[in-house]
Amino acid sequence: MAKKTTKNDTENKKTQLLEPFRIETQGEAMTTDQGIAIEHTEDSLRAGVRGPTLMDDFHLREKIMRFDHERIPERIVHARGAGAHGVFQVYESQSKLTKAKFLQDPKKETPVFVRFSTVAGSRGSADTARDVRGFAVKFYTEEGNFDLVGNNIPVFFIQDGIKFPDLIHSVKPEPHNEIPQASSAHDTFWDFISLSPESTHMIMWHLSDRAIPRSYATMEGFGVHTFRMVDEKGKSRFVKFHWKPLGGIHSLVWDEAQKIMGKDADFHRRGLSEMIDEGKFPEWELGVQVVEEKDEMKFDFDLLDPTKIIPEEVVPVQIIGKLTLNKNPDNYFAETEQVAFCVGNLVPGIDVTNDPLMQARLFSYLDTQLSRLGGPNFAEIPINRPVIPVVNHQQDGHMRQGILKGRVNYFPNSLGGGFPQMTPEKQGGFVHFPEAVSGVKTRERSPTFNDHYSQATLFLNSLTPIERQHLTEAAIFELSKVEDQGVRDRMVGNLMNVDSKLADDVAARVGVDLPSVKNAGPAHKKTSPAVSMMSRPGKGLKGRCIAVLATDGFSNSDFTNLNNALMSEGAKAELVGTRIGAHNTAEGEVAMITKTLKNTASVLYDGVYIAGGIASVQALSLEADAIHFVNEAYKHHKTIGFSKDAEDLMQLTFIGDFENSQGVISDSGKKFAQDFIAALKSHRHWDREIAHIPA
Ligand code: HDE
């Protein structure tokens, strides 16, 4: 009987026509790379059942050859990453700002591919290391690819790209013993930083909770450098790019981040792919800060200096569009690993500036792909191909895919009718902004790049007490791992230039004797409230996950009520028990539990609820892991809910006055789910920690 064609089949056929490179395995026969149908793939061809393997076995040779060469060099930085497809839509035409076509029509969806990453760790390292996160977006526009290769922190460690190899060597595992992996808490990094005052502002961000995000969906993104946007008339303005997460900016706490590295090294990539699979698409708004050319020099820092922000209070961020990630890659390697971003992938209407960090990047990204992807034809790999035709006379090289027809491979030509031809600017040809440049060759840095501390202090001044406390603790953690006394002394000395109280607080804990003026206060009192993560809590709970502790005899209605309420907020609940499989519920039904106190952990959830059902609660009270689960959630300031049945279990935790503790909520009926959700929305209950902050 003929198989009925489903809507899915039709969709798949459509995609296959558009993207013939996507390989569907469902219903297909297995072939060799040459297309020969394979009859047997589990035994090699041999002379007699106990005899030697024969060279004739082309299938064996091809299969092993392909396996032997599966690995390619990982990225030298940003090796660990996760990607997703999505769309970008502008809210209204930005023609006043730029002629870039993808920023004109609010009805138009531009496909994008985004790759998030950590910087220092290798490809197999853990997601939650203290690190900057890469936030790289490839827009497949109707005028070719535009790549916005940014980070989740708006400034950078160095002002000139020539220092990048030194910075990266210092943060990577030390060369003699290749330790530590994915960590900046070691001597060589802090040695370099202590000798590079220009890194001070970035270090404040690196030590803040921004460097340990809760998820990719709760991170801001920044283009970092000052770009240009150019309108149809050729007028140019300076622009800083921002990605504002609709889920708000949220982070982990350091103890939790470290434990997650062991419990689930894939925490962030798993979270991203689950959100997309569950239809809870992560969203960011694109914002721009615009500075007129005439105002270039009006700031007390240089717009070309990538260690500076333009405070949002000085130049507000205008929101211009939305990015939605709505499709997971079909294949990690083919898409996320092979995607090749380049700062120089620009479309008409967007251009670069003379920021010396950006200029070095313009060389680096093209160059690095040669060794990473094996040759110059990487733009032909499906994930890197523009969605419009690519026609030129570039040719040959490893793994060339396009087949150029005809005998003409040069320009100008008459034999090919003069084609392919140039496109005038008016019709969309890219013309670099005609900036006037002149100067004497020099290796000097502009004196306008000299202030390394004002914005570091500005950042610190703008944090809430909790954020500042976390930053101080991070500095203590990192420097306490530095063995060299000279490096610690120098680093604390640098912190003195930011804020003497910060320097004092750190010095006391890292063995540095600081002959300082105690508590002299900050070097200046300016603030930029927008840099505090608390300034952008976001809406809703998309992607959040709550553990519901339960075992045989648990109240399934408790679980279902909470889960339904959470689902309406884009969050979910997950049953965590003592074994996996079918369980009897208090209601006499059977329910499946897939997570256990051993195969998951409190640190992987945003909150915990102890379901009712006397038998379940009694059994859990005998489990040290269950008590630890609740204690750890409390320690990490998470929302805790408990059924009335679970009061005895709560007595076994270290939460003293749990009836009156903020974010610890007793399930006393109808309003519970509402109260629990309201508590979850505050992300964490910091008052548990404030009590410990020294004055
Ligand atoms: Fe990168 N950077 N970078 N970088 N960078 C790379 O390119 C480099 C810098 C950023 O998901 C590499 O394809 C230099 C700033 C992201 O594939 C390499 C300098 C910012 C990613 C490279 C910088 C970034 C990279 C490694 C100083 C934020 C990951 C593999 C001049 C604005 C992209 C690759 C992805 C990757 C060089 C500084 C962001 C080696 C020389 C500043 C998000 O080319």
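Both counts, for ligands and for their atoms, begin at 1 and track the order of listing.
When only non-hydrogen protein atoms are considered, atom 8 (C) of ligand 1 lies nearest to Phe164 CE2, 3.3 Å. In terms of protein heavy-atom proximity, atom 43 (C) of ligand 1 is nearest to Gly150 O, 3.2 Å. Among all non-hydrogen protein atoms, the one lying nearest atom 25 (C) of ligand 1 is His78 CD2, 3.2 Å. The protein heavy atom nearest to atom 31 (C) of ligand 1 is Leu357 O, 3.2 Å. The nearest heavy-atom contact from the protein to atom 11 (O) of ligand 1 is Arg115 NH1, 2.6 Å. Of the protein's non-hydrogen atoms, the one nearest atom 33 (C) of ligand 1 is Phe341 CD1, 3.8 Å. Distance from atom 40 (C) of ligand 1 to its nearest protein heavy atom, with residue and atom name: Ile76 CG2, 3.4 Å. Atom 24 (C) of ligand 1 has its closest protein heavy atom at Arg361 NH2, 3.0 Å.
In this structure, of Arg75, Gln359, Glu74, the residue bringing a heavy atom nearest to atom 30 (C) of ligand 1 is Arg75. The option with the heavy atom closest to atom 1 (Fe) of ligand 1, from among Phe135, Phe156, Tyr365, is Tyr365.
There is no side-chain donor-acceptor pair under 3.5 Å between Arg228 and Thr353.
Atom numbering of ligand 1 starts at 1 in the shown order; those under 4.0 Å from a heavy atom of Gly161 are 31 (C). Distances below 4.0 Å separate heavy atoms of Ala360 from the following atoms of ligand 1: 31 (C).
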(request) Step by step, work out the salt bridge (Lys or Arg N to Asp or Glu O under 4.0 Å) result for Glu292 and Lys235. (result) CA-CA 10 Å; Glu292 296 293 333; Lys235 184 169 172 52; 3.7 Å; yes
(message) Let's go through Asn152 and Tyr216 carefully: what are the C-alpha distance in whole Å and the side-chain angles of both, what is the deciding distance for side chain to side chain contact (heavy atoms under 4.5 Å, CB included) to 0.1 Å, and is it a yes or a no?
(response) CA-CA 9 Å; Asn152 76 327; Tyr216 293 134; over 6 Å; no
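Residue Thr368 touches ligand 1 through its side chain alone, judged by heavy-atom distances below 4.0 Å. At a heavy-atom cutoff of 4.0 Å, ligand 1 is contacted by both the backbone and the side chain of Val77. With a 4.0 Å heavy-atom cut-off, ligand 1 is reached by the side chain of Gln369 but not by its N, CA, C or O.
A salt bridge links Glu380 and Arg400; the closest N-O separation between the charged side-chain nitrogens and carboxylate oxygens is under 4.0 Å. A salt bridge links Asp264 and Arg270; the closest N-O separation between the charged side-chain nitrogens and carboxylate oxygens is under 4.0 Å. Checked for salt-bridge contact, Lys163 and Glu198 meet the test: a charged N lies under 4.0 Å from a carboxylate O.
In terms of the salt bridge (Lys or Arg N to Asp or Glu O under 4.0 Å) criterion, residue partners of Arg210 (sequence neighbours excluded) are, by chain and number, Glu220.
The shortest N or O to N or O distance between Ser364 and ligand 1 is under 3.5 Å.
In terms of modelled atom types and a separation under 3.5 Å, the side chain of Arg80 and the main chain of Arg123 share a donor-acceptor contact.
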Distance-only criterion, 3.5 Å: show the donor-acceptor pairs between side-chain atoms of residues 301-309 and protein atoms not counting sequence neighbours.
residue: Asp302; atom: OD1; partner: Leu304; partner atom: N; Å: 2.9
residue: Asp302; atom: OD2; partner: Thr448; partner atom: OG1; Å: 2.6
residue: Asp305; atom: OD1; partner: Gln159; partner atom: NE2; Å: 3.3
residue: Asp305; atom: OD1; partner: Thr307; partner atom: N; Å: 2.8
residue: Asp305; atom: OD1; partner: Thr307; partner atom: OG1; Å: 2.7
residue: Asp305; atom: OD2; partner: Gln159; partner atom: NE2; Å: 3.1
residue: Asp305; atom: OD2; partner: Thr307; partner atom: OG1; Å: 3.3
residue: Asp305; atom: OD2; partner: Lys308; partner atom: NZ; Å: 2.7
residue: Lys308; atom: NZ; partner: Asp451; partner atom: O; Å: 2.9

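To the nearest 0.5 Å, atoms CZ (Arg133) and CZ (Phe116) are separated by 11.5 Å.
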